[in-house]
Undergrad: 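If you scroll down you'll find the structure; I have some questions about it.
We're numbering straight along the sequence, starting at 1. None of the values given here were measured: they were computed from a predicted structure.
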Amino acid sequence: MNINSDYLSFCKNTYTRTWNEAYLMEGQKKNPQAAKLAAQRKAIDTTLVESLLHYANTVSEAEIWKCISLIHKLHVASLSDFGVSESVQADVLERCLSAQQSWNKSSGHSFERYIASIDSARLQENEIKIILQSDLTKMIRKGSLTNTPDDIKGLNSWGKDFDLYAIQSIHGDVHVFGCIQSKTSIRDRVGRDVTFSRNAMEGLFWSAAITLDGSFLNMDEFKHMVNGGGSYSMNGWHGMYAMAGIPENNGRIYKVNDTLDLFVLHAVKAAKQFIADRRMLTASWTAE
């Protein structure tokens, strides 16, 4: 970590002092876990304010925040409990975080490839394929799609908003009819993804999401985000498919097996709707 040692010491001392004081105070009225969280918030807030007051003229706000982030992570990790010398804790933490980021990226890509390699007779019979975003980019560059110019413009502008796409071939003409998001955990960036999904539905594409772990779909906020309700005036996807984490279907939230049979069935229905009368493929359309 290339952070000035004097400034690092200032942040560390301020954070540690504030945390200790806040934890003693909060511990008198809250349970240990709640007291820790309250102390962490107080420590972050106080360190930020005092750092800005002392270093605003010499250190950028971004650097200040980066340093506080490091101190907070080191405090929570408590690497000294594992015998890690304080002199190397920042480097150890950075390696662990880098390894986690690498796993998140690699596991996500692996899950995408898993979905794209679904071996389904139903998909084959309907000449439907699930392709990676990189494959779609190549097809657009080669002019291989028969979608309308407006479709192509939209698909190009979305970039990496979607991880996978559903395509269908009819008498040799290939078109995209579906936009798919895949996540190992649905909580990851879901607030951003729902906006992308609605863009696709407004463009009259089938919009679906598949997650390996749908545990968060048991929470009202996420149920409403998918199905509409609460603070969400409309549904966020045509369908959200979870392989684990939910006990049963709930509106547009579907529990699927490892072969994604229900997802495949809905993909076929969406493809047929796209061809029969695409105008009906609005956000309110359902494969049920």
Undergrad: Under 3.5 Å, is there a donor-acceptor pair linking the side chains of Q181 and W237?
TA: yes
Undergrad: State plainly whether the residues E50 and R17 are in salt-bridge range, i.e. N to O under 4.0 Å.
TA: yes
Undergrad: Salt bridge (Lys or Arg N to Asp or Glu O under 4.0 Å), that's the test. Do D163 and K183 meet it? Break it down for me.
TA: CA-CA 9 Å; D163 308 293; K183 300 284 180 267; 3.2 Å; yes
Undergrad: Kindly work out whether a path of hydrophobic side-chain contacts (I/L/V/M/F/W/Y, heavy atoms less than 4.5 Å apart) joins V76 to V92.
TA: no
Undergrad: Give a yes-or-no answer on whether the side chains of Q40 and W19 include a donor-acceptor pair shorter than 3.5 Å.
TA: no
Undergrad: What's the separation between atom CE in M240 and atom NZ in K223, rounded to the nearest 0.5 Å?
TA: 14.0 Å
Undergrad: Taking all non-hydrogen atoms of both residues, which atom of N250 and which atom of N227 are closest, and how far apart?
TA: O-ND2, 3.1 Å
Undergrad: Just jot down the ring-ring contact (aromatic ring centres under 6.0 Å, His included) partners of H72, sequence neighbours excluded, or say none.
TA: Y15
Undergrad: Run through I253, V256, T211, D213 and flag the one making a side chain to side chain contact (heavy atoms under 4.5 Å, CB included) with I246.
TA: I253
Undergrad: Which heavy atom of I68 sits nearest a heavy atom of S51, and at what distance?
TA: CD1-OG, 4.4 Å
Undergrad: May I ask you to check whether W158 and F205 place their ring centres under 6.0 Å from each other?
TA: yes
Undergrad: Does a donor on one side chain and an acceptor on the other come within less than 3.5 Å for T137 and Q133?
TA: yes
Undergrad: Mind checking the CG-CG spacing from L260 to L265? Nearest 0.5 Å is all I need.
TA: 12.5 Å
Undergrad: Hey, are S69 and K73 close enough side-chain-wise for a donor-acceptor pair under 3.5 Å?
TA: yes
Undergrad: Measuring only between side-chain heavy atoms, which start at C-beta, is I167 closer than 4.5 Å to M139?
TA: yes
Undergrad: Are any side-chain N or O atoms of D45 and backbone N or O atoms of K42, one a donor and one an acceptor, separated by less than 3.5 Å?
TA: no
Undergrad: Just checking, is any N or O donor in the side chain of H266 or Y241 under 3.5 Å from an acceptor N or O on the other one?
TA: yes
Undergrad: To the nearest 0.5 angstrom, please state how far the CG atom of L281 sits from the CZ atom of F177.
TA: 9.5 Å
Undergrad: What salt bridge (charged side-chain N to carboxylate O under 4.0 Å, His left out) pairs are there with at least one residue in residues 139-152, not counting sequence neighbours?
TA: D151-R278
